[in-house]
Asks: 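One structure coming up, written as structure tokens, with questions to follow.
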Amino acid sequence: MSDKAAVIGTFDGVHLGHIAVLHKLKEEADNRGLTPIAITFDRHPLALIDPQRAPKAITSIPKKEELILRSGVLPIVIPFDEELRATSAEDWMLRLKREHDVRMLVVGYDTTFGCDGIAYSISDYKRLGERLGIEVIEAPFVPGISSSAIRKAIANGEIKEANDMLGRHFSLSGIVVAGNRLGRTIGYPTANIMPSPGIVVPANGVYAVKITLPDGKKRDAMVNIGVRPTIRRGNEKTVEAHIIDWNGDLYGKSVTLTFYSRLRDEIAFKSIDALRKQLDADRLEVMKSLRN
Ligand SMILES: Cc1cc2nc3c(=O)[nH]c(=O)nc-3n(C[C@H](O)[C@H](O)[C@H](O)COP(=O)(O)O)c2cc1C
Ligand SMILES: Nc1ncnc2c1ncn2[C@@H]1O[C@H](COP(=O)(O)OP(=O)(O)O)[C@@H](O)[C@H]1O
């Protein structure tokens, strides 16, 4: 087993700030002939500590692993449980050394790991590392980017802002379920998508997206998120996609929506005809916005 260089964190979203840390880790690991690993948790620590305050995630665990791997770092997902929560910073570092052969650790400006970590500064971690035989290096800091700011932007429908902080397009996966089969009668069949639970859903409104179909192909689509006030029967929030110039059966299949921009708010139209006219205009707008 080769020796490792590690970083620890939740890494929700794997945004541009995380990417800077992962690249620094990879560079320093390569210089020392170490394998770079990111130790990350299977849930947000607050899900255990204070579930009421636990935020919805920007990325699912598999997506997070994929994004970390893409930056050249090996992800290791460990359960954030009571035992881990009660582990001190010193025990954490001993564990890293014994279980993962860690020789170097990248610590972020606000990293606190260990139940007593809140009292640690970077120089404390460095001193502890020296004693235990782990070199501690400070991670770069990218100002103005955080998982919580991205969650907030998505929840407010500020897709461009969220995408700028992510350095990629926000995406949401889910299974296609049956709706009330009205869409096809107005010329706009829609795949009703049940998003993976625990993932943040953008604010109600209409969005330009690319949809990844089960065969892996990407198509242009327009998505409505909301309660469909024109035809509403209840207050259920739905996520539905009309795939432009496409025909097929998606029931029960998994798809991924990649968000590019937000077009408008949801509107309560006076008639289905008025809704249809707006959908014609949305279609042109989506095609235009995805071409840019
Ligand atoms: C791009 C798009 C925009 C939409 N905008 C609105 C809207 O502004 N107001 C509204 O009441 N419904 C809106 N809808 C929802 C339609 O009312 C809905 O797709 C239609 O009633 C079909 O429902 P069904 O899939 O359950 O059959 C929109 C749907 C799409 C695909
Ligand atoms: N262009 C398309 N965009 C989205 N779904 C489509 C399209 N063409 C066919 N479909 C299929 O039709 C279904 C939607 O038809 P619709 O009448 O809106 O019914 P529902 O109320 O079940 O959503 C989708 O789930 C999908 O399987």
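FYI, side chains are in, hydrogens and waters are out, and symmetry mates aren't considered; it's all heavy atoms of this structure. For ligands, and for the atoms within them, numbers begin at 1 and follow the listed sequence.
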Asks: Are the charged groups of E158 and R262 less than 4.0 angstrom apart, N to O?
Replies: no
Asks: Answer yes when E285 and R264 have at least one side-chain N-carboxylate O distance shorter than 4.0 Å, and no when they do not.
Replies: no
Asks: Record the part of Y188 in heavy-atom contact with ligand 1 below 4.0 Å; permitted values are side chain, backbone, both and neither.
Replies: neither
Asks: Would you mind listing which atoms of ligand 2 come within a distance below 4.0 Å of any non-hydrogen atom of H242?
Replies: 1 (N), 3 (N)
Asks: Report yes if N192 has an N/O atom closer than 3.5 Å to an N/O atom of ligand 2; otherwise report no.
Replies: yes
Asks: Counting each atom of ligand 2 from 1 as listed, which ones have a heavy atom of A178 under 4.0 Å away?
Replies: 22 (O)
Asks: Among V177, N224, I244, D282, which residue places a heavy atom closest to atom 30 (C) of ligand 1?
Replies: N224
Asks: Could you list the atoms of ligand 2 found under 4.0 angstrom from a heavy atom of A191?
Replies: 4 (C), 5 (N), 24 (C), 25 (O)
Asks: Mind checking whether T230 has an N or O less than 3.5 Å away from an N or O of ligand 1?
Replies: yes
Asks: Which ligand 2 atoms are under 4.0 Å away from a heavy-atom of V176?
Replies: 25 (O)
Asks: At a non-hydrogen distance cut-off of under 4.0 Å, which region of L279 contacts ligand 1 (side chain, backbone, both, or neither)?
Replies: side chain
Asks: Could you see which bit of A221 sits under 4.0 Å from ligand 2, with heavy atoms only: side chain, backbone, both or neither?
Replies: neither
Asks: What atoms of ligand 1 come closer than 4.0 angstrom to any heavy atom of F269?
Replies: 7 (C), 8 (O)
Asks: Under 3.5 Å, is there a donor-acceptor pair between the side chain of D12 and the main chain of I58?
Replies: yes
Asks: Within the 3.5 Å criterion, strictly below it, is a donor on S289 or S261 matched to an acceptor on the partner's side chain?
Replies: yes
Asks: What I want to check is whether the side chains of T35 and S2 have a donor and an acceptor closer together than 3.5 Å.
Replies: yes
Asks: Which atoms of ligand 1 have any heavy atom of T190 under 4.0 Å away?
Replies: 19 (O), 25 (O), 31 (C)
Asks: Between the side chains of D282 and Q278, does any donor sit under 3.5 Å from an acceptor?
Replies: yes
Asks: Examine I267 against ligand 1 and note whether any of their N/O atoms are separated by less than 3.5 Å.
Replies: yes
Asks: Check this for me, if you would: do D280 and K277 make a salt bridge, where the nitrogen-to-carboxylate-oxygen distance has to be below 4.0 angstrom?
Replies: no
Asks: Could you list which atoms of ligand 1 come closer than 4.0 Å to a heavy atom of E240?
Replies: 15 (C), 16 (C), 18 (C), 19 (O), 23 (O), 25 (O)
Asks: Taking ring-ring contact (aromatic ring centres under 6.0 Å, His included) as the test, write out the residues that go with Y260, two or more places apart.
Replies: H169
Asks: Going by the order shown, which atoms of ligand 2 are within less than 4.0 Å of some heavy atom of G248?
Replies: 8 (N), 9 (C), 10 (N), 11 (C), 26 (C), 27 (O)
Asks: Taking it one step at a time, do K24 and E27 satisfy salt bridge (Lys or Arg N to Asp or Glu O under 4.0 Å)?
Replies: CA-CA 5 Å; K24 169 86 174 169; E27 186 190 316; 5.5 Å; no
Asks: Could you list the atoms of ligand 1 found under 4.0 angstrom from a heavy atom of N192?
Replies: 25 (O)
Asks: Looking only at N/O atoms, are R228 and ligand 1 under 3.5 Å apart anywhere?
Replies: yes
Asks: With a 4.0 Å cut-off on N to O distance, would you call R98 and D101 a salt bridge?
Replies: no
Asks: Consider every N or O of L275 and every N or O of ligand 1, then say whether any pair is closer than 3.5 Å.
Replies: no
Asks: Examine ligand 1 and decide if any of its atoms is less than 4.0 Å from a heavy atom belonging to R264.
Replies: yes
Asks: Consider every N or O of L250 and every N or O of ligand 2, then say whether any pair is closer than 3.5 Å.
Replies: yes
Asks: For F269, check ring-ring contact (aromatic ring centres under 6.0 Å, His included) against everything at least two apart and list the hits.
Replies: none
Asks: Ion pair present between D245 and R283, side-chain N to carboxylate O less than 4.0 angstrom?
Replies: yes
Asks: When E135 is tested against each of K97, R103, R32 for salt bridge (charged side-chain N to carboxylate O under 4.0 Å, His left out), which residue passes?
Replies: R32
Asks: Under a 4.0 angstrom heavy-atom cut-off, which atoms of ligand 1 come close to V206?
Replies: 1 (C), 3 (C), 5 (N)
Asks: Against heavy atoms of D249, which atoms of ligand 2 measure under 4.0 Å?
Replies: 27 (O)
Asks: Applying the side-chain hydrogen bond (donor to acceptor under 3.5 Å, both in side chains) test to K64, which of D42, T40, T59, T10 qualifies?
Replies: T40
Asks: Considering both backbone and side-chain atoms of G179, is one of its nitrogen or oxygen atoms within less than 3.5 Å of a nitrogen or oxygen in ligand 2?
Replies: yes
